[in-house]
Structures are given as C-alpha cells and as structure tokens.
> 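Pasting in a structure now, in structure tokens, and then I'll have a few things to ask.
Heavy atoms only: backbone and side chains are in, while hydrogens, waters and symmetry mates are out. Start at 1 and go down the list; that is how both ligands and their atoms are numbered.
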Amino acid sequence: IGTLWVRRPGTAPAAEPVLVGSHLDTQPTGGRFDGVYGVLGGLEVIERLNDLDAATRHPIDLVVWTNEEGSRFQYSMMGSAVWSQKMELEGALSLTDVDGVTVADELDRLGWAGSRPAAPSGAAAAFELHIEQGPILEDEGIEIGVVTGVQGLRWYTIELGGFPAHAGPTPMIGRRDPARAIAGLVDDVYAAVEAKGEWARATFAQFRSHPVSPNTIPETLTCTLDLRHPDGEVLEAMETQMRAIVTARCEATGVTGEVTLGNDSPPVHFDEGLVATIEQAAAAVGVSNRRMISGAGHDACYVARHHPTAMIFVPCQDGLSHNEAESITSEQAAAGASVLLGAVRAVAS
Ligand code: HGY
Ligand code: MN
Ligand code: MN
C-alpha cells in the first residue's frame, strides 16, 4: 500500500523492532508539521543514535504511513488501516479521488506499490511524535503531551435527493429542494452535538450539488460529516440522533436522504507502560508534561491494535492545524524529539 519502512538494525537479531514515524501526506491547505514532524523526529532519533554510535538491542523502524489524512482518497489512516487488517487492501487500492484516479493508479505511477505484505510482523513498541493540533498544551504552558488515547471518529457521506426544476418559474411551494433540507439539518446536528458536551465534535464539509448550475433546483446535494467523541457510546448516540435528524428534515422538505458510514475508528487507549516511559523520558529531559487524549486521529490508533503504542505531543501555535499557518518553534521541535529519543532508548536498549 506504499507505506515506507526504514530500519536501523539492532544488536539482537531476533528482537522485535521499536516503531517510530508518522505520515507525510497532508491536507489541500495543510501546514508543514502535521505528520512531517513525526517522521523527521523519528529520523532525527536514528541520526542521533548514529552520531552517538549507540547500539540498541532492538531494531528501530521508521514508518511513513500512506494516506493518513484521508483527504484525497477518503479513508483516514488508510495505510495503517490496511496494515492492521481493518481495511481490505483491494478496497484501499480502488479508492478514487475526485478525478476518478485510484490509489492503485498513483502507487503504480510513483513506483510505490510495495512487495511486502501490508500486515503486522511484530514490534516491541511503537511511538508516534506529533503536534497537538489543539490549544490545550499552549493554553496551559505545558511543553509535552503524554498521549493516553485517541477519541473515536466516524465519517459519513450524506446524499439528499431533490427534484430538478427551473429556478425561475417554479413556485417555492412544492419544490423538492435538497438545499432546504441541508440548511435545517446542519443546524439541528450542530445543536444536538453541542448538547453532548465540550469534547463532542461535528464537522460538515465538501458540499457538492448536481447538476452544477445556478438556476436549476439541485437533483442531488451531497456532503461529508465527521463526528467525534472520546466515549464510544456517546458517539453511537450522536450517530443515532444525526440519522433521525436527516430523516425528519427530508420528510419535512419532500427530499430523499441517505447516510453512508465510511471509516469508523473507535476510541483508542494506549499502553500504560509506554505512557509511563514517555513521562520518565520527559522528566529526564526536564520538560513539563501532562497526560491527555488526542482530538485528532493518527496511525497510532491502528498500530495500537497489534503492538504496545503511545504518542508524544508538542504544542503548536494557537493550537492551529490543517491550516497553512500551522507552526511550532525549534525549541518545541527539539523537546519532542528529545523525549522520543529517551523513550525509544528506554525500550530499544
Ligand atoms: O482526521 C484526522 O483526525 C486526521 O487528520 N486524519
Ligand atoms: Mn497527522
Ligand atoms: Mn492531519
């Protein structure tokens, strides 16, 4: 599936690797640190060990996961989902972008379709270094986030079916206009989700109507919806409520509605032992740290299904990400990489 594995050998041939790394793919208007920082941090750990000529018992594998964002090919954490057997390889290879280009087409064009099976092959531990992509660490003036888990996320496509007619002569009464349904539906879902408390998240995006014309009532109107919550049961309740809202708004406006669940990543709890290892590494580096969960999804979610896994966060300016203004300081970058080095050495040696 095009995931890149770079190994620094260990001294004990049979020892399973310690995984580091993240992703290099980004958002159309993404920043320079989401994913990339974790890959370069992992590479920096390997380079630093080489500089120190420091051997480790376990090999260290730098992993660069394919299509973590799910932005162009819409299944987030796709490469790690295939590797963890959550997603069929064929299903991933056949995903298409808006121009109908498939993942397989692009891997072939780039010569990146690998020969090794995309499947777990053993690891002693896995760490992912990443920017927080939220405001907590910066607001509290804390230098390192010791990530204990990741909230659940579900992606949907909502397709509303109307009846195309002329924008001019067609009376307002009796129109079957999906734009009318979506207007109320979006408001209702946001209100229902906000009522679930401060950690609940709903994001509508990618509104597309057909036909593409300003003076024809749309025949179809589709959009994406991203729902998140740390508690799987609350997330399930959010989905149930959302589906009821879609049904009610469609009935009220005479349009049809179809909600399709895409990728569904349940809440993840990381390895308590590795969480403690990261805390000890942060203390050894002398940086302040706090435990927290991740609002964003990461490849570590799928790695954690097979191996002990945990994450390290650094703050980012204004908690901003998936925005070209995304930024961290070199001190923050160094602090995160130093903690990663300490945690990796603690396990790999
Ligand atoms: O959607 C996410 O949380 C991640 O950026 N894939
Ligand atoms: Mn990321
Ligand atoms: Mn991202």
> For ligand 1, which atoms sit closer than 4.0 Å to a heavy atom of G297?
2 (C), 3 (O), 4 (C)
> Heavy-atom pairs closer than 4.0 Å: do any link ligand 1 to the side chain of R228, the backbone, both, or neither?
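Side chain only.
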> From the Mn ion (ligand 3), how many protein N/O/S atoms are found at a distance short of 2.8 Å?
4
> Name the atoms and distances for all side-chain donor-acceptor pairs under 3.5 Å in residues 285-293, with sequence neighbours left out.
from : atom 1 : to   : atom 2 : distance (Å)
S288 : OG     : E143 : N      : 3.0
S288 : OG     : E143 : OE1    : 3.2
N289 : ND2    : V287 : O      : 3.3
R290 : NH1    : E140 : OE1    : 2.9
R290 : NH1    : E140 : OE2    : 2.7
R291 : NE     : E279 : OE2    : 2.8
R291 : NH1    : E272 : OE1    : 3.2
R291 : NH1    : E272 : OE2    : 3.2
R291 : NH2    : E272 : OE2    : 2.8
R291 : NH2    : E279 : OE1    : 3.0

> Taking only Lys NZ, Arg NE, NH1 and NH2, and the carboxylate oxygens of Asp or Glu, determine whether E239 and R243 approach each other closer than 4.0 Å.
yes
> Taking backbone and side chain together, does H130 place any N/O/S atom at a distance below 2.8 Å from the Mn ion (ligand 2)?
yes
> Within the distance-only criterion (no hydrogens, no angle test), does the side chain of H306 pair as donor or acceptor with the backbone N or O of S84 below 3.5 angstrom?
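Here the side-chain-to-backbone pair exists.
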> Taking NZ, NE, NH1 and NH2 as the nitrogens, is one of them in E236 or R154 under 4.0 Å from a carboxylate oxygen of the other?
yes
> Counting C-beta onward and ignoring hydrogens, is there a side-chain heavy-atom pair between L4 and W112 closer than 4.5 Å?
yes
> At less than 4.0 angstrom from any non-hydrogen atom of A296, what atoms of ligand 1 do you find?
3 (O)
> Using non-hydrogen atoms of the residue, decide whether H298 is closer than 4.0 angstrom to ligand 1.
no
> With a cutoff of under 4.5 Å between side-chain heavy atoms, which Ile, Leu, Val, Met, Phe, Trp and Tyr residues group with W5?
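Grouped by the 4.5 Å side-chain rule, L19, V63, W65, W83, V303 form the rest of the cluster around W5.
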> Has F163 got more than 12 heavy atoms of other residues, nucleotides or ligands less than 6.0 Å from its CZ?
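No, not enclosed.
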> How close does the nearest protein non-hydrogen atom get to atom 4 (C) of ligand 1, and which residue and atom is it?
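Checked against all protein heavy atoms, atom 4 (C) of ligand 1 sits closest to E68 OE2, 3.3 Å.
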> In this structure, does ligand 1 have an atom that sits under 4.0 Å from one of the heavy atoms of H322?
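A heavy atom of H322 does come that close to ligand 1.
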> Using distance alone, decide if ligand 1 has a nitrogen or oxygen within less than 3.5 Å of any nitrogen or oxygen in E69.
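Among all N and O atoms of E69, at least one is under 3.5 Å from an N or O of ligand 1.
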> Find out whether V103 and Y75 are in side-chain contact, i.e. whether some heavy atom of one side chain is under 4.5 Å from a heavy atom of the other.
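No, side chains not in contact.
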> Apart from L52 itself, which Ile, Leu, Val, Met, Phe, Trp or Tyr residues share its cluster (side-chain heavy atoms under 4.5 Å, direct or through members)?
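Cluster partners of L52: none, it stands alone.
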> Looking only at the aromatic ring of each residue, does the gap between the centers of H298 and F313 stay below 6.0 angstrom?
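Judged by ring-centre distance (under 6.0 Å), F313 and H298 do meet the cut-off.
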